[in-house]
Amino acid sequence: MESIVTDRPQNDGGHQTRSGFVALIGAPNAGKSTLLNHLVGAKVSIVSHKVQTTRALVRGIVIHKHAQIVFVDTPGIFKPRRRLDRAMVTSAWGGAHDADIIFFLVDAERGLVGDAENILKGLKDVTRAKVLLINKVDRVKPETLLELAAKANEEVTFEQTFMISALKGSGCNDVLDYLADTLPEGPWYYPEDQISDLPMRQLAAEITREKLYLRLHQELPYASHVETEKWEERKDGSVRIEQVIYVQRNSQKKIVLGKGGETIKNISQTARKELAAILEQPVHLFLFVKVRDNWGDDPERYREIGLDFPS
């Protein structure tokens with residue numbers, strides 16, 4: 001995959017190159033993954049209506065003017081109930097503390113309630129530079145947006161506040177301009193044509209998991225997992241990919257398979273189509289469904305996802 005390069009580095013014109021990490025934090029379904037994909041200009045983080053879709057840190061890389069901006073999409077921060085929840089929330093706050101700048105993304109429709117309110121309180125103790133992004137502004141009256149921005153800035157000192165629509169892209173170029181002028185001076189971290197540090201095998205598994213959630217949003221429990229077990233580049237220029245969808249009970253396996261295998265066939269077709277577009281080569285995708293009891297308590301699965309196993 002090639003990077004979306006909005007402008008070439010200008011250090012030959014008197015501008016020193018800049019680079020840095022920007023953490024995207026927010027409540028589940030605030031639009032972080034949608035924003036990341038729009039800024040990068042390609043699919044690097046999966047999106048679904050199911051909350052907590054993003055499980056581990058996903059980095060998307062943007063070159064804008066003379067700066068290389070590494071966005072870190074973190075899991076939505078919420079009140080954890082399970083071991084997996086705790087690992088995700090710990091990962092999200094860890095990504096925030098390690099970043100040069102923190103972007104706090106707020107859903108304009110929901111406002112500063114519940115998880116968003118708790119995150120705002122948690123940001124008071126974070127010393128990194130913080131920026132407020134109010135998302136989905138096209139769905140809310142201007143006076144409501146101004147009240148929301150004022151309330152947030154009363155609680156936490158934000159360097160800037162941006163009104164954006166991650167889905168439509170409005171306001172996003174202003175965000176990139178700000179970062180290109182604000183990030184620390186220094187060399188770029190990644191090659192110019194790289195848009196993510198996510199291994200392709202893992203991205204392929206994530207894309208299948210996205211299609212799984214989109215197809216079975218209401219029916220399938222959150223604790224399902226996809227692993228890429230085989231990746232074979234073939235002589236005819238195609239790639240053969242074998243993946244396993246892990247569920248926790250036989251009843252869930254039946255749901256994923258569907259009557260006559262129709263559901264898993266649809267998931268495979270939609271995932272294969274997107275993978276072929278990303279890889280720019282024919283894809284032969286084979287999906288298998290297996291039951292693995294309590295995979296959420298297996299340290300090896302956490303390492304596969306990219307999370308630390310919580311005690």
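Remark: K124 engages E155 in a salt bridge, criterion side-chain N to carboxylate O under 4.0 Å. Residues E185 and R18 are paired through a salt bridge, judged by an N-O separation under 4.0 Å between the basic side chain and the carboxylate. Taking 4.0 Å as the cut-off between side-chain N and carboxylate O, R240 and E242 count as a salt-bridged pair. Between R59 and D73, none of the side-chain N atoms (NZ, or NE/NH1/NH2) sits under 4.0 Å from a carboxylate O, so this pair counts as no salt bridge. Using a 4.0 Å cut-off between charged nitrogen and carboxylate oxygen, R292 and E227 count as a salt-bridge pair.
T161 and A149 get closest at one heavy-atom pair: CG2-CB, 4.1 Å. Nearest approach of T263 to G258, heavy atoms of both residues: OG1-CA, 3.3 Å. Annotation for W231 and A204: closest pair CZ3-CB, 3.8 Å, computed over non-hydrogen atoms. Scanning all heavy atoms of the two residues, the minimum distance from S19 to G186 falls at OG-O, 3.9 Å. The nearest pair of heavy atoms linking G31 to A166 is O-CB, 4.1 Å. Taking each heavy atom of P282 and G237 in turn, the nearest pair found is CD-O, 3.9 Å.
Side-chain polar atoms of S170 and D138 form no donor-acceptor pair below 3.5 angstrom.
At least one donor-acceptor pair under 3.5 Å links the side chain of K130 to the backbone N or O of V126. Side chain of Q252 to main chain of Q248: a donor-acceptor pair is present (N/O by atom type, distance under 3.5 Å, no hydrogens or angles). Remark: the backbone N or O of K253 is not paired with any side-chain donor or acceptor of K290 at under 3.5 angstrom.
Put simply, CZ on R128 and CD1 on I101 are 10.5 Å apart, with the number rounded to the nearest 0.5 Å. Considering CD of Q281 and CG of L275, their distance stands at 10.0 Å, rounded to 0.5 Å. R209 contributes atom CZ, which lies 11.5 Å from atom CD1 of I207 (distance to the nearest 0.5 angstrom). For the atom pair CD1 of I195 and CG of L39, the computed distance is 12.5 Å after rounding to the nearest 0.5 Å. Considering CD of E233 and CG of L279, their distance stands at 7.5 Å, rounded to 0.5 Å. I63 CD1 to L176 CG: the interatomic distance, rounded to the nearest 0.5 Å, is 12.0 Å.
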Verify side-chain contact (heavy atoms from CB on, under 4.5 Å) between T208 and L285, making sure each step is shown before the conclusion. CA-CA 10 Å; T208 299; L285 178 63; 4.3 Å; yes
Output, in order, the C-alpha distance, side-chain angles, deciding distance and verdict of salt bridge (charged side-chain N to carboxylate O under 4.0 Å, His left out) for E109 and R139. CA-CA 7 Å; E109 289 186 297; R139 303 183 185 180; 3.1 Å; yes
Under the side-chain contact (heavy atoms from CB on, under 4.5 Å) criterion, do V40 and I61 qualify, and how do the steps go? CA-CA 6 Å; V40 174; I61 305 160; over 6 Å; no
side-chain contact (heavy atoms from CB on, under 4.5 Å) assessment of H38 paired with C172: CA-CA 8 Å; H38 178 83; C172 291; 3.7 Å; yes
Pair H66, D181 - check side-chain contact (heavy atoms from CB on, under 4.5 Å), show working. CA-CA 9 Å; H66 47 279; D181 294 333; 4.1 Å; yes
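When the shell of 6.0 Å around CD of E143 is examined, it contains more than 12 heavy atoms from other residues, nucleotides or ligands. The number of heavy atoms from other shown groups lying within 6.0 Å of CD (E232) is above 12.
Residues V289 and V244 form no side-chain contact, since every pair of their non-hydrogen atoms from C-beta on lies 4.5 Å or further apart. Here the side chains of N173 and H64 are in contact, with some heavy-atom distance below 4.5 Å. Counting only heavy atoms from C-beta outward, the side chains of N135 and L35 never approach each other to under 4.5 Å. The closest side-chain heavy-atom distance from L183 to V22 is below 4.5 Å.
Residues in residues 151-177 take part in these ring pair (Phe, Tyr, Trp, His ring centres under 6.0 Å) pairs, two or more places apart or across chains: F162-Y178. Note on residues 263-291: no pairs pass ring pair (Phe, Tyr, Trp, His ring centres under 6.0 Å), not counting sequence neighbours.
Hydrophobic clustering of Ile, Leu, Val, Met, Phe, Trp and Tyr side chains at less than 4.5 Å, counting indirect connections, unites V291 with L216. No single ILVMFWY cluster, assembled from side-chain heavy atoms under 4.5 Å apart, contains both V106 and L146. Note: the hydrophobic cluster containing L167 does not contain V175 (ILVMFWY, side chain heavy atoms under 4.5 Å, direct or indirect links).
For T270, the side-chain contact (heavy atoms from CB on, under 4.5 Å) partners are K211, N266, not counting sequence neighbours.
You'll find the ring centres of F21 and Y189 inside the 6.0 Å limit.
Using a 30° and 60° split on the angle between ring planes, F71 and F103 fall in the tilted class, from 30° to 60°.
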